[in-house]
A.B. asks: 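For reference, the structure I am asking about is given below.
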Amino acid sequence: MSESKDFLRTIVEKDLEAGKYKEIVTRFPPEPNGFPHIGHAKSICINFGIARDYQGHCNLRMDDTNPTTEDTKYVEAIKDAVEWLGFEWDDGVRFTSDYFPRIYDYAVELIKMGKAYVDSLNEEEMREYRGTVTEPGKRSKYALRTVEENLDLFLRMKKGEFKDGEHVLRAKIDMSAANMKMRDPLLYRIRHAHHYRAGDEWHIYPMYDFAHCLSDYIEGITHSICTLEFENNRDIYDWVLDTLRLKLPRPYQHEFARLAINYTVMSKRKLLELVEKGLVSGWDDPRMPTIAGYRRRGYTPESIINFCDQIGIAKANSMVDVAQLEFCIRDDLNTKVPRVMCVLDPLKVTIENYEGSEEFDAPYYPHDVPKEGSRKIPFSKEIYIERDDFMENPPKDYFRLTPEQPVRLRHAYIITCKEVIKDADGNITEIKAIYHPDSKSGSDTSGINVKSAIQWVDAKTAKAVEVRLYDRLYSCEAPEGLEDLNPDSLKVIKNALVEPAVITDKPDERFQFERQGYFYADPVDYTDEAPVFNKIVGLKDSWSKKTKAPAKSERKPQAKKVQVEGEVAPMSEHEQALFDKYTGEFGLNSEVANTLARDEKLSSFYEDALSTLNSPVSIANIVANEVARELKEKQADELLFNAKQIAQLVKMVDEETISSNIAKQVFEQMVKSGEDPTQIVEAKGLVQISDPSQILPIIDEVIAKNPDNVAKFKAGNTKLLGFFVGQVLKATGGKANPKVVNELVEQKLK
Ligand code: ATP
Ligand code: MG
């Protein structure tokens, strides 16, 4: 493994070193209620990637506990997506529905332990009883049901004796827990619905919080990796597994930041709406952010995997620029695919001084030496060029064909315009031109200066094709709903013209149509009689804020580029080397690597800090954000703090001595005073106290001081739990870990 790891791999390695598990087992657990999207690709890469890196395995599990929305067609789509990305699951697809009998047995066990009860409040009452973030909830009177009563009711729920919503099974945990999710969460609900796999056997279905941890346990999962919105569910996850006293080892849940991309919606519900309303042609419409959509559009699995690698794995949610994904596919196809010529909006050119015909031999891969292959391009008196490659009254910086300005036909001759033919409405219908016989590409002795080379096709041999030009599905950066759809996301060109080799020679399914972009033979609609090509992506970011002058002369190989705020700017060789090291060896995401590599002050600060502490990702984040802000107006030697102190700060976060929020507070102090972070943390007492032996004496003191409230609590006034916790927290000056205090107080007062 490389030295730099994301935080999940760090956890996995620690667990392996500690001998906690013999083998790493992860899972990708989608609900089969829609086609998987690019966010799922991230989760797939993480789960399958970690299993592969540590010689473990990864299960593909359908999390199918919701009978009303699930379907086998989605199961198939999920399998396709995982396979297409190049991953293999272990030993057959798993289904949570296969575990229904075992999950039911575990529920019965909890009831017998007095840890679960059948509640019969209606939905509204249940909401009311749950309390709020600032007020504890209260327990339903049904929580007093005996074990026998609960067992009987639960069995009858299973048999289908009650209506939907009449009863639920709840865990008996804590109605005043600070974590609202722990206020007696639902474990089972009644659902009289047909399940696509389990059929009509079940009338009750387990909730996510109950089914997921148990499915993980049943499969021997070691690391249950999910997105951040499940952070608060982790307490339930642990409670269920611990309360059932399951044989160890057991899985643990770890959360990472979900992927969000601008101009994109990433919710199966919203994507389903587009499909159902016919606003796209289906789940695999090439504009959809589904894996099937990208696949049909012409994206490669490599480009998507690269993208997932580049964005990295973080613990804080952020928005990724869709330009980065587009960059990845361009970058992948740039050297791989043949370059050919296509004219989308043909304008006829008659070359008056040319007779007969000839063929030019032209390489498919002009700039990339290792790949070989070429085709013959036919040429004769009548050709077509792109309509906008000619202008009668051009602006000053127009470099293509005009009445005064000759242009090179790519791989062929230079032509000069002689006459412009128009129809009655003044539209240009044809250009009459002459060619220069001594200007043939590769042996040009004409001495004529041209400013660019344009694509063209021979009129007699060109093939007509349909081209589908796709643009972003949404026109606004943070789309909410249908009103944000881009009305121009699809433009169909029925009669574009390609050089014949594209169809007859079929060198590939993907092409670069020179000067137009990358295209893919549509896997569904393409036939030899009626070829259809999808535009995968343009050659450059057409949405960038600054538009650039059209490319001069023939395209030259260029230094690798990265996206900066939607604009493409080249890096110096040195910066590029740093960037490559940061994204490669250090595993930084490309945005952070870009910020650091391009700024001499930041990269040297970063490397200084790294020489003290080998934690490249965490240090990079703080340098690229907090430190960068300070270095905007100052030089490094004007700062009161130094790289070594930043390393110390990162170390405290890595070791969980302080939270990352506290780290920001400490950083602010370092900026002002230049003190060591350890000093600041100590002086301000920012270290969390989680050690029960330090907390318990304080609890004893609080209990001793409040005998009346203790009596009331014991008499059933559970609301007072919050009072005691508050008193303890106050007595520690806010230093105690509230979660630990909560648990300890509860134990003490039992
Ligand atoms: P959606 O909200 O789009 O419907 P979901 O989270 O409900 O997605 P699931 O089928 O439950 O979809 O997700 C399967 C796995 O994929 C889960 O582990 C989930 O955390 C992960 N996942 C879903 N969306 C993203 C995302 N945007 N980025 C990273 N992982 C994701
Ligand atoms: Mg979901």
Side-chain angles (χ1 to χ4, degrees), residues 6 8 26-51 58-66 68-71 73-82 85 87 89 93-97 206-209 211-213 215-216 219 221 223-234 237 251-276 283 288-294 304-305 307-320 322 324-325 478-480 589:
D6 55 76
L8 289 172
T26 54
R27 84 287 171 267
F28 172 60
E31 183 182 355
N33 62 349
F35 274 50
H37 51 59
I38 183 86
H40 294 111
K42 176 174 179 178
S43 178
I44 291 169
C45 287
I46 291 174
N47 282 295
F48 284 92
I50 287 180
C58 180
N59 292 348
L60 174 60
R61 181 200 312 147
M62 301 300 148
D63 202 6
D64 54 355
T65 56
N66 185 2
T68 54
T69 54
E70 294 160 2
D71 198 284
K73 69 174 181 245
Y74 300 131
V75 173
E76 291 309 311
I78 292 164
K79 284 159 65 180
D80 280 353
V82 174
L85 286 172
F87 295 108
W89 51 88
V93 177
R94 323 281 171 125
F95 295 87
T96 302
S97 52
M207 305 298 290
Y208 169 88
D209 281 320
H212 202 86
C213 53
S215 305
D216 282 346
E219 290 179 13
I221 301 301
H223 297 79
S224 179
I225 298 166
C226 63
T227 37
L228 277 178
E229 65 273 22
F230 293 101
E231 200 169 358
N232 286 335
N233 301 60
R234 194 198 319 133
Y237 190 103
Y252 284 87
Q253 178 185 306
H254 307 277
E255 309 89 20
F256 69 96
R258 70 190 284 118
L259 171 63
I261 305 183
N262 59 8
Y263 297 100
T264 309
V265 302
M266 205 110 69
S267 136
K268 282 182 282 189
R269 188 176 48 77
K270 288 187 181 170
L271 297 176
L272 177 66
E273 188 184 13
L274 297 177
V275 174
E276 284 183 335
W283 283 100
M288 289 281 270
T290 52
I291 298 175
Y294 289 113
I304 291 186
I305 288 171
F307 171 71
C308 292
D309 276 355
Q310 277 190 15
I311 54 178
I313 309 176
K315 266 200 145 178
N317 283 320
S318 64
M319 180 69 78
V320 174
V322 68
Q324 198 173 339
L325 177 61
E480 299 265 319
N589 75 44

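Start at 1 and go down the list; that is how both ligands and their atoms are numbered.
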A.B. asks: Distance under 4.0 Å to a non-hydrogen atom of Thr227: what atoms of ligand 1 satisfy this?
C.D. replies: 19 (C), 20 (O), 29 (C), 30 (N), 31 (C)

A.B. asks: Is it the case that the ring center of Phe87 lies less than 6.0 angstrom away from the ring center of Phe28?
C.D. replies: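 No - the distance between ring centres of Phe28 and Phe87 does not fall below the 6.0 Å cut-off.
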
A.B. asks: Which of the numbered atoms in ligand 1 are below 4.0 angstrom from a heavy atom of Phe256?
C.D. replies: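 Result: 29 (C), 30 (N).
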
A.B. asks: Could you tell me whether some N/O pair between Lys42 and ligand 1 is separated by less than 3.5 angstrom?
C.D. replies: no

A.B. asks: Is there a nitrogen or oxygen of Ala257 sitting under 3.5 Å from a nitrogen or oxygen of ligand 1?
C.D. replies: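 No: no nitrogen or oxygen of Ala257 is under 3.5 Å from one in ligand 1.
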
A.B. asks: Ignoring angles and geometry beyond distance, decide whether Asn33 reaches within less than 3.5 Å of ligand 1 through its nitrogen or oxygen atoms.
C.D. replies: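 No, since none of the N or O atoms of Asn33 sits under 3.5 Å from an N or O of ligand 1.
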
A.B. asks: Do the charged groups of Arg61 and Glu219 touch, with an N to O distance under 4.0 Å?
C.D. replies: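 So Arg61 pairs with Glu219 through a salt bridge.
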
A.B. asks: I'd like to check which ligand 1 atoms, numbered from 1 as shown, lie under 4.0 Å from a non-hydrogen atom of Met266.
C.D. replies: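 Ligand 1 atoms under the 4.0 Å threshold to Met266: 3 (O).
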
A.B. asks: Among pairs that include at least one residue of residues 255-266, which meet salt bridge (Lys or Arg N to Asp or Glu O under 4.0 Å), considering only residues two or more places apart or in two chains?
C.D. replies: Glu229-Arg258, Arg234-Glu255

A.B. asks: Would you say Arg269 touches ligand 1, if touching means a heavy atom closer than 4.0 Å?
C.D. replies: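 Arg269: no contact with ligand 1 (<4.0 Å).
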
A.B. asks: Enumerate the atoms of ligand 1 whose separation from the nearest heavy atom of Pro29 is less than 4.0 angstrom.
C.D. replies: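 Those qualifying, in numeric order: 14 (C), 18 (O).
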
A.B. asks: Decide whether an N or O pair under 3.5 Å exists between Phe28 and ligand 1.
C.D. replies: no

A.B. asks: Is there at least one pair of N or O atoms, one from His40 and one from ligand 1, spaced under 3.5 Å apart?
C.D. replies: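 His40 vs ligand 1: N/O contact under 3.5 Å present.
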
A.B. asks: Assess whether a salt bridge exists between Lys79 and Glu76, defined as any Lys/Arg side-chain N lying under 4.0 Å from an Asp/Glu carboxylate O.
C.D. replies: yes

A.B. asks: Show which atoms of ligand 1 fall inside a sub-4.0 Å distance from at least one heavy-atom site of Pro30.
C.D. replies: 10 (O), 14 (C)

A.B. asks: Would you check whether Glu229 has a nitrogen or oxygen atom less than 3.5 angstrom from a nitrogen or oxygen atom of ligand 1?
C.D. replies: no

